[in-house]
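These notes concern the structure reproduced below.
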Number of protein chains: 2
Amino acid sequence: MQIESVTNEAPTATNVSPMGRLLPLTPNLSLPGFFMGFARNEEIFGEEEPADFVYKVASGAVRTTRFLCDGRRQIEAFHLPGDVFGLERGEVHRFSAEALTNCQIMVIRRSALDRAVERDCAAARELWVLTSQDLERIQEHMLVLSRKNAAERVASFLLKLADRRASDIVELPMSRGDIADHLGLTIETVSRTMTQFERDNVIALPNTRQAILKNRAALLAA
Amino acid sequence: MQIESVTNEAPTATNVSPMGRLLPLTPNLSLPGFFMGFARNEEIFGEEEPADFVYKVASGAVRTTRFLCDGRRQIEAFHLPGDVFGLERGEVHRFSAEALTNCQIMVIRRSALDRAVERDCAAARELWVLTSQDLERIQEHMLVLSRKNAAERVASFLLKLADRRASDIVELPMSRGDIADHLGLTIETVSRTMTQFERDNVIALPNTRQAILKNRAALLAA
DNA sequence: CGAGCGTTTGAACAGCGTCAAAACAAGTGG
DNA sequence: CCACTTGTTTTGACGCTGTTCAAACGCTCG
């Protein structure tokens with residue numbers, strides 16, 4: 001990993017503090033921070049490590065994961081540009097985060113966030129909204145995990161990605177194994193399901209890291 | 001349902017406002033509110049209804065649920081005394097809530113909470129903590145749903161209830177069907193799994209609404 | 001005592017996981 | 001440019017776990 005300069009311009013006395021320049025954690029809340037670059041598969045932070053920073057994806061993609069004691073893995077979420085991750089209530093991270101692709105990550109000191117929230121109720125509200133959105137997203141995912149079958153899970157996943165990108169051409173920065181560990185399935189089932197969708201002319205798979213939605217209705221019904 | 005007087009004492013001019021007396025939403029945040037009683041199976045609020053109130057269990061137990069379009073049900077959580085539920089970011093409830101048993105519910109107007117949070121950063125933080133705890137709880141549950149088998153799911157469930165009550169004698173205010181819809185299983189599988197635990201002397205089932213943990217280690221290993 | 005639920009139990013079935021091998025993709029070094 | 005390696009994805013055969021369907025059992029309450 002490597003600390004990156006934010007822009008093409010060289011840093012100046014006005015836009016760089018010892019904590020870095022002001023960066024938008026949300027559209028309404030900017031805090032001093034800096035950027036870091038991570039290479040594909042590099043760890044951004046580990047489970048149980050001190051949660052001294054909050055992160056936001058500037059470019060690339062990230063996964064947050066945790067493990068059961070016997071090694072079974074769960075991927076809590078995939079984070080795309082604009083997503084905030086690594087925000088904790090306690091002292092340590094409850095997930096680890098790894099780069100899915102080479103990526104640029106905005107890094108903000110948690111102490112700076114804490115201070116902003118102590119004096120500014122609007123900032124405090126922004127923080128609450130961030131966490132609420134996380135909660136809503138994950139409640140949606142819980143429904144998928146508890147009550148949907150393999151085809152429905154993969155369909156939901158593809159549709160969510162397409163909605164985020166606002167396009168029927170979906171880039172898949174994650175491996176089949178990552179998708180499986182996110183959906184509570186096996187690699188083989190994910191692969192078989194996608195191939196079946198392709199045979200049924202519901203999607204096209206020009207290569208393993210790209211899917212094109214050809215029949216949204218069929219995916220919704222799946 | 002029926003609006004209840006809070007205590008044995010009659011309300012007085014000092015502890016009752018038009019909004020009700022001050023009630024502790026959390027130990028550190030009290031707001032004007034009132035109590036309501038609900039009968040077993042009575043609906044407290046419905047999905048898509050305006051989220052004008054926040055609720056806290058005073059006594060009894062509550063479930064929050066949602067449905068897939070074809071009727072498959074998911075129980076997001078069971079709420080026991082002290083638990084806050086029905087707190088939303090948006091305008092409407094994203095779950096419905098029903099009384100599992102006869103229960104007393106503390107009801108606080110959301111507008112009162114909003115106002116408190118606008119002027120008081122400490123209150124705003126309390127709100128964030130509430131939502132964060134929800135998120136943490138549900139992330140834990142997600143791991144159960146995505147990567148654990150039937151025996152492990154039921155074991156986690158019993159252990160969590162026992163931890164909450166700080167006792168090896170676990171009251172089960174919910175039906176087998178409720179447990180099934182919470183754990184992403186069927187009634188039959190829940191029943192079979194519990195009977196098997198009983199046969200293996202891991203738990204005792206004096207009746208259908210009570211379980212006694214006899215071998216915590218076996219449950220943890222399950 | 002009988003009706004109506006919820007729960008338990010059984011038998012058959014199916015969906016998904018497991019294991020194994022083949023196909024494919026992406027580098028690496030000759 | 002090709003042979004070789006390594007890791008990922010696909011495909012196939014098989015078996016287990018959990019579902020489905022059906023029936024029996026046991027509460028609770030008229």
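Naming: A, B, ... by sequence-line order, numbering from 1 per chain.
- Under the 3.5 Å distance criterion, with hydrogens and angles disregarded, no donor-acceptor pair is assigned to the side chains of B:Thr131 and B:Gln133.
- Heavy-atom distances under 4.0 Å link DNA chain C to A:Asn149, A:Ala150 of residues 148-157 of chain A, given in residue order.
- Scanning for ring-ring contact (aromatic ring centres under 6.0 Å, His included) contacts around A:Phe95 gives an empty result, with sequence neighbours left out.
- Chain B approaches DNA chain C within less than 4.0 angstrom (heavy atoms of the protein), and the contacting nucleotides run 5' to 3' from C:dT7 to C:dA11.
- Counting only distance, with no hydrogens or angles, the side chain of B:Gln74 and the backbone of B:Phe67 share no donor-acceptor pair below 3.5 Å.
- The stretch residues 67-78 of chain A does not touch DNA chain C, since none of its heavy atoms comes less than 4.0 Å from the strand.
- Neither side chain, A:Ser96 nor A:Glu47, offers a donor N or O lying under 3.5 Å from an acceptor on the other.
- Considering A:Arg137, A:Arg164, A:Lys56 in turn, A:Arg164 is the only one that fulfils the salt bridge (Lys or Arg N to Asp or Glu O under 4.0 Å) rule with A:Asp83.
- Rounding to the nearest 0.5 Å gives a distance of 12.5 Å between OG1 of B:Thr189 and CD1 of B:Ile179.
- Identified under the salt bridge (Lys or Arg N to Asp or Glu O under 4.0 Å) test for residues 189-211 of chain A, with sequence neighbours left out: none.
- Using a cut-off of 4.0 Å between Lys/Arg side-chain N and Asp/Glu carboxylate O, B:Arg73 and B:Asp181 are scored as salt-bridged.
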Residues 215-222 of chain B, side-chain donor-acceptor partners within the protein, below 3.5 Å, at least two apart:
{"from": "B:Asn215", "atom 1": "OD1", "to": "B:Ala217", "atom 2": "N", "distance (Å)": "3.4"}
{"from": "B:Asn215", "atom 1": "OD1", "to": "B:Ala218", "atom 2": "N", "distance (Å)": "3.1"}
{"from": "B:Arg216", "atom 1": "NH1", "to": "B:Asp168", "atom 2": "OD1", "distance (Å)": "2.1"}
{"from": "B:Arg216", "atom 1": "NH2", "to": "B:Asp163", "atom 2": "OD1", "distance (Å)": "2.9"}

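- The line from CG of B:Leu185 to CZ of B:Arg153 is 5.0 Å long, rounded to the nearest 0.5 Å.
- There is no side-chain donor-acceptor pair under 3.5 Å between B:Ser59 and B:Gln104.
- Of the residues in residues 172-190 of chain A, those placing a heavy atom less than 4.0 Å from an atom of DNA chain C are A:Gly184, A:Leu185, A:Thr186, A:Glu188, A:Thr189, in numerical order.
- Taking the screw axis at each terminus of the helix from C:dC1-D:dG30 to C:dG30-D:dC1 from five consecutive base pairs, the angle between the two is 30° to within rounding of 10 degrees.
- Residues passing the salt bridge (Lys or Arg N to Asp or Glu O under 4.0 Å) test with B:Arg89, sequence neighbours excluded: A:Glu136.
- Residues of residues 192-206 of chain B that place a heavy atom closer than 4.0 Å to DNA chain C, in numerical order, are B:Arg192, B:Thr195.
- For A:Tyr55, the ring-ring contact (aromatic ring centres under 6.0 Å, His included) partners are A:Phe45, A:Phe85, not counting sequence neighbours.
- Of all nucleotides in DNA chain D having an atom under 4.0 Å from a heavy atom of chain A, the first and last in 5' to 3' order are D:dT9 to D:dA13.
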